[in-house]
Structures are given as C-alpha cells and as structure tokens.
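Inspection log for the structure reproduced underneath, given as structure tokens.
Labels below follow one simple rule: chain letters A, B, ... track the order of the sequence lines, proteins then strands, and each chain is numbered from 1.
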Number of protein chains: 2
Amino acid sequence: MALKRVSQRSVPDEVFDQVLGDVLGGELAPGQALPAERKLAEVLGVSRPAVREALQRLSQAGLIEVRQGDTTTVRDFRRHAGLDLLPRLLLLGGTLDLKVIASILEARLLVGREVAELAARRGGAALAPRLHEAVAALREEQDPVAQQRHALTYWEHVVDGADSIVFRLMFNSLRAAYEPALPALATMLAPEVGRVSLYQALADAIGAGDPSSAGELAAELLSITKAEFAKLEEDA
Amino acid sequence: MALKRVSQRSVPDEVFDQVLGDVLGGELAPGQALPAERKLAEVLGVSRPAVREALQRLSQAGLIEVRQGDTTTVRDFRRHAGLDLLPRLLLLGGTLDLKVIASILEARLLVGREVAELAARRGGAALAPRLHEAVAALREEQDPVAQQRHALTYWEHVVDGADSIVFRLMFNSLRAAYEPALPALATMLAPEVGRVSLYQALADAIGAGDPSSAGELAAELLSITKAEFAKLEEDA
DNA sequence: GGCGGTCAAGTGGTCAGACCAGTTTGCCTT
DNA sequence: AAGGCAAACTGGTCTGACCACTTGACCGCC
C-alpha cells in the first residue's frame with residue numbers, strides 16, 4: 001500500500017471550491033454579480049489576497065469575469081469554460097454526475113477510435129513494445145483500481161503514438177476527469193479492463209500499422225463500458 | 001468598426017506570461033526548480049502576492065507544481081496540461097506554431113464529423129432554423145474575419161445540438177485557441193467559409209435528422225482548410 | 001432638455017512587512 | 001550508522017495602506 005502525502009487544503013483552494021460549487025450548482029447564475037473582494041474576504045473570514053488568488057483562478061477557468069473598477073460577474077460556463085473544467089463537473093458536491101459520465105463515455109469512444117487509427121498510422125511498430133508491456137502489466141494485475149491505471153498507461157501510449165498535441169492535451173483533460181473518480185468508476189470499468197485479449201489485439205493492429213482494424217478494435221473495446229453504463233441507467 | 005475596450009495587462013498576467021513562455025519555449029525544463037517566490041518578486045521588481053497569483057494560475061494550468069516548504073518545480077505540460085493550454089501553444093511568442101495549427105485542423109475535422117452526426121441524431125428539426133440563420137448571415141458577410149465569426153456561431157449551434165457537455169467544452173477550448181488568431185487565420189480559412197452551399201447542405205442534413213449525410217458533409221467542409229494548409233506547407 | 005465636466009463612492013490592483021507552517025539540510029549525540 | 005534537533009529555506013496568509021478604474025450623481029453651460 002502506497003502512502004500518499006497528506007495535503008491540507010489552502011485558503012484560496014477553499015474559496016475557489018466554494019464559489020465554483022455555487023456557480024456549477026446554479027446558486028450563482030450567469031450575469032450575476034459576486035460580492036466585492038473585501039466583502040467576500042470578510043464574510044468568509046479570510047484575507048483579501050487569498051480571495052484574489054481564488055477569483056483569478058476562477059476567471060482563468062472561464063467561470064467569472066473580473067474587471068477593474070466594476071463588480072465581478074458570473075459567466076455561463078457552458079459557453080466560456082474549457083475542457084479542463086470537466087473534473088469539477090464530473091464530481092460535484094462529492095457525487096458523480098451521471099449525465100457527465102454518459103457524455104465522457106460517449107466522447108471517449110468516438111475520439112478514442114480516431115486516436116487509435118492515428119496511432120496505427122503514425123506510431124506503428126515502434127509503439128508496439130510499450131503497448132504490449134502495458135497489456136502484460138494489466139494481465140498480471142488483480143486490483144480493479146490498479147487495473148485502471150494500467151489501462152490509462154496503455155491509452156497514454158496510444159495517444160502519444162497519434163502524434164497530435166491536441167489529442168494529447170484532450171487525453172490529459174479526460175484523464176484528469178476520471179482519475180480522481182477511479183475507485184468509484186472501477187466497478188463499471190471492470191468488464192472493459194477484463195478484456196485483455198482486446199487490448200492485445202488493438203496493440204497488434206497498431207503495431208502492424210493497420211488503422212482500419214485499430215479503429216474497429218478501439219471502438220469495440222470502448223463500447224463495453226458505454227453499454228454497461230446504458231444498462232445501469234436502465235436498471236435505475 | 002467596433003471599438004474594443006483597451007485592457008492594460010496586470011502584473012500577475014505579465015508574470016504568468018513570462019514564466020509560461022519560458023516553460024513552453026523549453027528554457028524551463030520539466031523537473032527544474034523555479035526561483036523562490038521572494039526571489040522572483042525581487043528579480044521581476046513586483047510584489048510577492050502578485051507572483052503568487054501568477055504561480056497559482058500556472059499550477060492550475062498544469063505547468064508547475066507548487067508544494068509548501070519545497071521549491072516550485074516545472075511539470076511536463078505534455079503530460080499534465082489540459083486542452084485549455086491550447087491557445088498558448090498556438091500563439092507562442094507572438095507567432096503561430098504551424099505544427100499546432102496542423103494538429104488543430106486535424107482534430108477539428110475528426111471531432112467535427114462526430115459532433116455533426118450527433119447533432120443530426122439529437123438536434124434535428126429544432127436546430128435547423130438557427131443553422132439556416134447563421135448560413136444567411138454568413139452569405140451576407142464580406143469581411144473575412146466577420147465571416148469566421150459567423151462560421152463559429154454556426155458550429156456553436158451544431159455542438160449545442162449534439163447535446164454533450166464534453167464536446168461543448170471541447171469546442172470552447174478549440175474556439176479559445178483560434179479566436180485570437182482569427183485575423184491571421186482568416187486567409188487560410190477563406191475557402192472554407194466561401195463554401196456557403198456546403199454549410200447549407202450540412203444544415204439541411206442535420207435538420208433532416210440524417211447522421212450519415214451530416215458526418216460526410218461535415219468532413220467534406222472541414223477537409224477544405226486541412227487540405228489548404230497541407231498545400232501551404234508544401235509550398236514552404 | 002441635453003451634454004460635458006467634476007467629484008465621490010465603490011470596485012479591483014498592488015505593495016510592504018510581519019508572521020505562520022512545511023521541508024530540507026547540517027550537525028551533534030548515542 | 002541512525003536518530004533528534006535546530007537553522008535556513010521554502011511556500012501560505014494576513015493586515016493595512018495606497019494606486020487605478022468605473023459608475024452614478026450632481027452641477028453648469030448651451
């Protein structure tokens with residue numbers, strides 16, 4: 001068991017999370033004005049520089065607009081936030097948002113297929129050893145959460161093989177979304193990581209430089225969880 | 001001519017940009033330690049809270065790691081930054097990065113096709129009027145940059161019709177990347193926005209709820225700029 | 001009545017200095 | 001060699017003062 005560093009949350013982190021929760025939860029609507037920094041600091045019992053740090057980060061994330069001399073206003077995150085906001089939408093108030101999960105699984109399937117094709121085209125034989133290594137590690141692993149980590153490593157190699165900075169950064173954003181939620185998602189993802197033979201076949205197709213097969217195999221693999229989730233939603 | 005607000009750059013913005021430029025430009029390599037906040041503030045001739053604001057934002061963007069009591073270190077942005085970093089990669093040091101443009105155009109084509117299919121499946125007839133409105137505005141427009149804006153409005157409607165938060169946020173990140181560069185990109189994108197009939201046909205396919213046609217038309221439309229760019233690169 | 005100028009009050013932006021909290025390194029003792 | 005302690009360094013936070021911008025109200029002039 002690996003011991004992790006215990007990290008105390010900083011004051012600006014607390015402020016950031018609180019305001020973000022209110023924005024995403026709808027309590028703070030687009031166009032609405034936030035209290036002045038001085039007021040926020042007073043109400044929250046913290047210093048103004050700490051409030052400023054949080055607000056500048058919220059601004060960077062596309063959730064608020066800060067203008068000197070005027071009140072800070074809430075933006076419509078659906079129009080202004082980028083993909084990096086995804087982790088916060090997935091896990092909101094401590095619970096997983098099922099609609100966001102569905103959207104992630106869908107995007108993962110559609111984009112994953114394209115990335116696998118690119119990897120077959122561009123990664124080819126040089127990529128195969130790393131993929132097979134990840135498959136071997138996945139095969140040896142019993143712990144469900146650790147299995148997910150091996151699968152993530154596998155897909156990291158695939159997206160590197162695609163040789164596209166856009167897809168690489170996209171992968172990072174998506175990984176950042178579900179990595180914190182892995183313990184909760186591991187059960188649902190188990191059937192997928194259980195199909196080691198599919199991971200193996202995809203590695204083979206990529207290594208052989210066969211985009212058509214790679215795309216199909218990737219779609220087949222990534223369809224498993226999407227279907228599992230759809231079934232779960234029907235049962236609920 | 002619309003007059004835009006003149007915005008003075010703040011001190012934390014300047015610090016953020018400078019450190020970000022050094023990280024993305026390679027002067028600050030992954031694993032390397034940044035000078036202490038106090039040192040940075042002294043060297044840059046600014047206050048420490050301003051430095052902190054910038055560093056916390058850089059940390060949020062995945063470019064550095066800040067830990068209390070230890071030095072702040074540089075992270076490998078390729079592994080840790082998300083899609084929201086794209087604007088900064090596209091326009092680095094005032095010049096457009098051709099490799100990033102190529103990657104954007106490719107991803108735009110592959111993802112745009114999927115989004116158009118989803119929009120045809122989910123947006124359907126309710127989406128059509130807005131699409132046709134955007135097409136009409138595009139047809140009336142002569143200014144190349146303004147044409148791009150109409151095209152962006154068109155695609156915003158399409159991605160809304162896809163009814164997926166992941167693709168919506170993705171669109172926001174991509175738009176944030178090329179929107180500041182529109183004046184520079186307008187020439188290259190002109191053949192695409194000149195194909196109003198293709199935009200029209202795509203709107204029709206989406207309105208008719210025909211995913212197959214929508215995907216094909218979207219791919220055809222988005223292939224234009226990709227091909228133009230490939231040609232430009234060969235000429236250079 | 002409409003427009004322009006001025007002022008006050010509010011907002012965000014920045015700074016200096018002090019103090020708190022965590023990490024690392026060096027030195028001493030067992 | 002290992003453990004403990006202190007110092008020096010790091011980041012984290014606060015207070016209070018001042019700067020810069022925006023908005024709204026009021027007044028004077030045409």
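When rounded to the nearest whole Å, the span between CG of Leu34(A) and P of dG12(C) equals 9 Å. Atom CG of Leu40(A) is separated from atom P of dG13(C) by 13 Å (rounded to the nearest Å). Atom CG in Asp70(A) sits about 9 Å away from atom C1' in dC21(D), given to the nearest Å. Between Glu42(A) atom CD and dT15(D) atom C1' there is a gap of 14 Å when expressed in whole angstrom units. The nearest whole Å value for the distance from the CD atom in Glu37(A) to the P atom in dA20(D) is 17 Å. For the pair Arg52(A) CZ and dT15(D) P, the interatomic distance rounds to 16 Å; values are reported in whole Å. Atom C1' of nucleotide dT14(C) and atom CZ of Arg38(A) are separated by 11 Å, given to the nearest angstrom. Rounded to whole Å, atom P of dT10(D) lies 13 Å from atom CG of Leu55(B).
No hydrogens or angles were tested; on distance alone, nothing pairs the side chain of Arg67(B) with the base of dG22(C) as donor and acceptor under 3.5 Å. Judged by atom type and distance alone, Arg48(A) reaches the base of dG13(C) through a side-chain donor-acceptor pair under 3.5 Å.
If Gly69(A) and Gly45(A) are placed on DNA chain D by their nearest nucleotide, the residue sitting closer to the 5' end is Gly45(A). Along DNA chain D, the nucleotide closest to Ala36(B) and the one closest to Pro49(B) are compared, and the more 5′ of them pairs with Ala36(B).
Here the side chains of Leu222(B) and Trp155(B) are in contact, with some heavy-atom distance below 4.5 Å.
The pair Asp13(B)-Arg57(B) counts as a salt bridge, with a side-chain nitrogen and a carboxylate oxygen less than 4.0 angstrom apart. Using a cutoff of 4.0 Å between basic side-chain nitrogens and carboxylate oxygens, Glu53(A) and Arg48(A) are not scored as salt-bridged. A salt bridge is absent between Arg168(A) and Asp163(A): the closest approach of a Lys/Arg side-chain nitrogen to an acidic carboxylate oxygen does not fall below 4.0 angstrom.
An OP1 or OP2 oxygen of dG11(D) is reached within less than 4.0 angstrom by no side-chain nitrogen or oxygen of Gln56(B). Look at Thr72(A) and you'll find a side-chain N or O under 4.0 angstrom from OP1 or OP2 of dG12(C). Under 4.0 angstrom from either OP1 or OP2 of dC15(C) there lies at least one side-chain N or O belonging to Ser47(B).
For Thr71(A), counting side-chain heavy atoms from C-beta on, the closest listed nucleotide (dT11(C), dG11(D), dA20(D)) is dT11(C).
Under the 3.5 Å distance criterion, the side-chain polar atoms of Asp84(A) are matched with a main-chain donor or acceptor of Leu83(B).
At the heavy-atom level, Glu65(B) lies nowhere under 4.0 Å from the strands shown.
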